[in-house]
Amino acid sequence: MTDAFAALPSAVRGTFDTVRARDPHEPEFQQAVHEVLSAIVPVLERHPAFVEGGIVERIVEPERQIVFRVPWVDDSGRLRVNRGFRVQFSSVLGPYKGGLRFHPTVNLSIVKFLGFEQIFKNALTGQGIGGAKGGSDFDPHGKSDAEVMRFCQSFMSELYRHLGEHTDVPAGDIGVGAREIGFLFGQYRKITNRHESGMFTGKGVQWGGAEVRTEATGYGAVFFVENMLAVHGESLDGRRVAVSGSGNVATYAIDKVRQLGGIPVTASDSSGYIVDDAGIDVDLLREVKEVQRARISEYVTRRRSARFVEGARPWAVPVDIALPSATQNELDEQDAAALIASGVRAVAEGANMPSTPAAVAAFRDAGVLFGPGKAANAGGVATSALEMSQNASRQRWSFADSEDKLRSIMGDVHDAAFRAAERYGHPGDYVVGANAAGFERVAHAMLAQGVI
Ligand code: NDP
Ligand code: 2IT
């Protein structure tokens with residue numbers, strides 16, 4: 001990946017060279033920085049104060065990064081050691097905010113790329129939340145509930161001292177769902193002797209969680225697509241949609257596509273993908289993945305209209321809309337070419353950075369409507385901010401009100417990105433628009449708050 005970076009204009013080249021020299025072993029972080037820097041050049045040209053204030057040099061360096069040992073004992077009595085991370089990237093707009101990922105591939109490069117993305121995504125939501133990310137190379141797959149609990153308790157026994165409702169507020173991400181959040185919150189409460197609802201989002205709705213937070217990222221991504229299509233007088237009705245992943249984001253994206261009259265025809269996990277031309281049955285998918293925690297091939301044993309394709313990704317299936325919602329760099333140039341050849345109209349990133357830079361370039365060149373992750377998947381963290389508001393005011397909003405708010409926020413996120421793209425001379429380019437709108441807000445706040 002490192003050698004594939006396109007040359008950058010001189011305004012940002014020096015900063016990128018410094019990032020590469022400082023962190024030569026962080027390809028995902030470099031990729032995320034490269035995307036943002038290439039998109040914000042027109043903003044820097046229009047705001048010399050951002051250049052003089054060293055905003056770009058400062059923003060690529062996390063305010064703080066925490067790396068720690070997580071020892072725990074498995075069910076056979078064997079000692080295991082994982083590595084924990086929290087990268088607190090920027091608190092200029094609010095407390096650090098962003099998810100925790102538990103997956104064997106997690107390392108500092110992944111956590112930094114996610115934390116960096118989170119700064120601009122969170123800014124774009126218009127809420128008062130800074131940017132952070134964390135996690136561990138722990139793999140919850142195949143672990144018992146008791147093992148997951150012991151791991152979460154050990155993880156939180158270190159991390160708790162860096163968290164708090166006004167300091168840093170984690171949430172879920174890959175491998176961290178309702179079960180893990182419960183164990184993590186429980187340990188924080190025990191250690192601190194504080195039931196501090198606002199220190200974690202994605203909590204169970206029975207104990208401080210917000211309605212719609214579970215559904216928010218997937219629903220939000222589909223609302224984003226709805227907005228992109230509406231600009232051209234089009235809708236989701238009757239359109240075939242390919243979704244990758246079968247976790248939190250993918251499941252609720254599929255659910256909302258169906259509700260809005262589209263036909264979600266694929267889902268996947270790390271073993272392969274399923275195609276169901278009758279439309280994915282969300283209840284069955286949830287039963288297989290959430291309840292049984294089984295492989296996705298289990299779905300086809302219970303659904304005649306579906307087939308399983310092992311060891312491949314779903315992008316060769318002809319569709320009108322694609323929602324990559326599994327993980328980073330899961331859709332490359334060849335996948336983009338296949339989607340374009342089959343006439344794809346819109347792509348929106350439910351995952352963070354799922355499309356490689358070459359795939360993004362191919363979509364933009366082909367005139368495909370392309371919603372980058374920091375805009376399209378912002379509904380999750382935006383609803384986290386709504387959860388924080390409800391916790392602070394001890395209120396509980398209904399599902400219907402919360403979904404209305406999410407829909408309206410996604411309309412605002414779309415419009416902010418759309419308008420910024422026009423303002424900076426790249427109409428219709430949501431990559432420029434989302435990065436420019438998020439960056440502008442962060443940069444103004446950094447200038448106002450001085451050199452810190
Ligand atoms: P989940 O853990 O719920 O689901 C992840 C899904 O992606 C699973 O189907 C998993 O398959 C698949 N997957 C993960 N890693 C890989 C891999 N390396 N190769 C192939 N498939 C993989 O996570 P989420 O749905 O929460 O997150 C999905 C994406 O959305 C991530 O990029 C995340 O950062 C992003 N996101 C999540 C938000 C949220 O609110 N949860 C908010 C915004 C973005 P398997 O089980 O086989 O590993
Ligand atoms: O990538 C993301 O935006 C998330 N995983 C959700 C973060 C949050 O704090 O809700």
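- Heavy atoms of other residues, nucleotides or ligands lying less than 6.0 angstrom from NE2 of H195 number more than 12.
- Considering only heavy atoms from C-beta on, N227 stays 4.5 Å or farther from F418 through its side chain.
- A side-chain donor from one of S305 and D276 sits under 3.5 Å from a side-chain acceptor of the other.
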Using residues 406-417 as the side-chain source, report each donor-acceptor pair under 3.5 Å to any protein atom, sequence neighbours left out, with the distance given to one decimal.
from, atom 1, to, atom 2, distance (Å)
R407, NH2, E226, OE1, 3.1
R407, NH2, E226, OE2, 2.8
H414, NE2, Y430, OH, 2.6

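- S246 contributes a side-chain N or O that, together with a main-chain N or O of S268, makes up a donor-acceptor pair within less than 3.5 Å.
- With T105 contributing its side chain and H103 its backbone, the two residues share no donor-acceptor pair below 3.5 Å.
- Listed here is the closest heavy atom pair of A336 and L331: N-CD2, 3.8 Å.
- Among all heavy-atom pairs drawn from V442 and A123, the shortest one is CG2-CB, 3.7 Å.
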- Task: Begin from the C-alpha positions of E147 and R80 and carry the test salt bridge (Lys or Arg N to Asp or Glu O under 4.0 Å) through to its verdict.
- Result: CA-CA 11 Å; E147 287 178 322; R80 307 276 198 116; 5.4 Å; no
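- With E180 contributing its side chain and G177 its backbone, the two residues share a donor-acceptor pair below 3.5 Å.
- The two residues A434 and A375 have their closest heavy-atom pair at CB-CB, 4.0 Å.
- When each of T18, V19, T15, V12 is tested with E57 by the rule side-chain contact (heavy atoms from CB on, under 4.5 Å), just one qualifies, namely T15.
- R258 places a side-chain N or O within 3.5 Å of a backbone atom of G279 that can act as its donor or acceptor partner.
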- Start with the C-alpha distance between V111 and R101, add both sets of side-chain angles, then the distance that settles side chain to side chain contact (heavy atoms under 4.5 Å, CB included), and finish with yes or no. CA-CA 8 Å; V111 178; R101 176 178 292 191; over 6 Å; no
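- Checking side-chain atoms of S38 against main-chain N and O of H34 turns up a donor-acceptor pair under 3.5 Å.
- Defined by atom type and a distance below 3.5 Å, a donor-acceptor pair is missing between the side-chain atoms of E310 and S297.
- Using a distance-only test at 3.5 Å, with no hydrogens or angles considered, a donor-acceptor pair links the side chain of W315 to the main chain of E330.
- Taking CE from M388 and OG from S197, the interatomic distance works out to 12.0 Å, rounded to the nearest 0.5 Å.
- Counting non-hydrogen atoms of other residues, nucleotides and ligands closer than 6.0 Å to CZ of R83 gives a total of 12 or fewer.
- The existence of a salt bridge linking R86 and E158 is excluded, since no basic side-chain nitrogen approaches an acidic carboxylate oxygen closer than 4.0 Å.
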- Item | Stepwise side chain to side chain contact (heavy atoms under 4.5 Å, CB included) check, V249 with N377 | CA-CA 9 Å; V249 179; N377 71 40; 5.7 Å; no
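- Taking a 6.0 Å sphere around CZ of R161, one finds it holds more than 12 heavy atoms contributed by other residues, nucleotides or ligands.
- For the 3.5 Å distance criterion, the side chains of D75 and S144 qualify, holding a donor opposite an acceptor.
- Legend: residues meeting salt bridge (charged side-chain N to carboxylate O under 4.0 Å, His left out) with E63, ordered by chain and number and at least two apart, are absent.
- Here L339 contributes atom CG and I321 contributes atom CD1; the two are 11.5 Å apart, rounded to the nearest 0.5 Å.
- Checking Q88 against D168 by side-chain atom types alone, a donor-acceptor pair falls below 3.5 Å.
- Partners of A221 under the side chain to side chain contact (heavy atoms under 4.5 Å, CB included) rule, at least two apart in sequence or in another chain, do not exist in this structure.
- Side chains of S109 and P27 form a contact here, defined as non-hydrogen atoms less than 4.5 Å apart.
- More than 12 heavy atoms of other residues, nucleotides or ligands lie within 6.0 Å of CD in Q292, so this atom counts as buried by the packing criterion.
- Note: F138 and F151 have parallel aromatic rings, judged against thresholds of 30 and 60 degrees for the angle between ring planes.
- Closest approach of A322 to V344, counting heavy atoms only: N-CG2, 4.1 Å.
- Around CG of N193, the count of heavy atoms belonging to other residues, nucleotides or ligands within 6.0 Å does not exceed 12.
- With sequence neighbours excluded, the residues satisfying salt bridge (charged side-chain N to carboxylate O under 4.0 Å, His left out) with K112 are D23, E26.
- Residues L108 and F29 fail the side-chain proximity criterion, which asks for heavy atoms closer than 4.5 Å.
- Closest of all the heavy-atom pairs between A267 and I280 is N-CD1, 4.1 Å.
- E387 and K203 are joined by a salt bridge, as a carboxylate oxygen and a charged side-chain nitrogen come within less than 4.0 angstrom of each other.
- With E298 contributing its side chain and A294 its backbone, the two residues share no donor-acceptor pair below 3.5 Å.
- Residues Y96 and G131 share a closest heavy-atom pair of CD2-O, 3.8 Å.
- Taking the side-chain hydrogen bond (donor to acceptor under 3.5 Å, both in side chains) definition, one finds that Q118 meets it with N122, K133, sequence neighbours left out.
- Taking the ring centre of F102 as origin, the terminal cationic atom of K143 falls outside the region bounded by 6.0 Å and 45° from the ring axis.
- Side-chain polar atoms of Q259 and K256 form a donor-acceptor pair below 3.5 angstrom.
- Between the side chain of S154 and the backbone N or O of P71, at least one donor-acceptor pair lies under 3.5 Å.
- With Q449 contributing its side chain and V92 its backbone, the two residues share a donor-acceptor pair below 3.5 Å.
- R302 CZ: more than 12 foreign heavy atoms inside a 6.0 Å radius.
- Note that the CG atom of L369 and the CG atom of L229 stand 6.5 Å from one another [nearest 0.5 Å].
- T251 places no side-chain N or O within 3.5 Å of a backbone atom of N248 that could act as its donor or acceptor partner.
- Classified by interplanar angle (parallel below 30°, tilted 30° to 60°, perpendicular above 60°), the ring pair Y188/Y160 is perpendicular.
- Not counting sequence neighbours, E28 has no partner by the salt bridge (charged side-chain N to carboxylate O under 4.0 Å, His left out) test.
- We find that E211 and R396 are joined by a salt bridge, their nearest charged nitrogen and carboxylate oxygen being less than 4.0 Å apart.
- Under a 4.0 Å N-O distance rule, the pair R286/E290 qualifies as a salt bridge.
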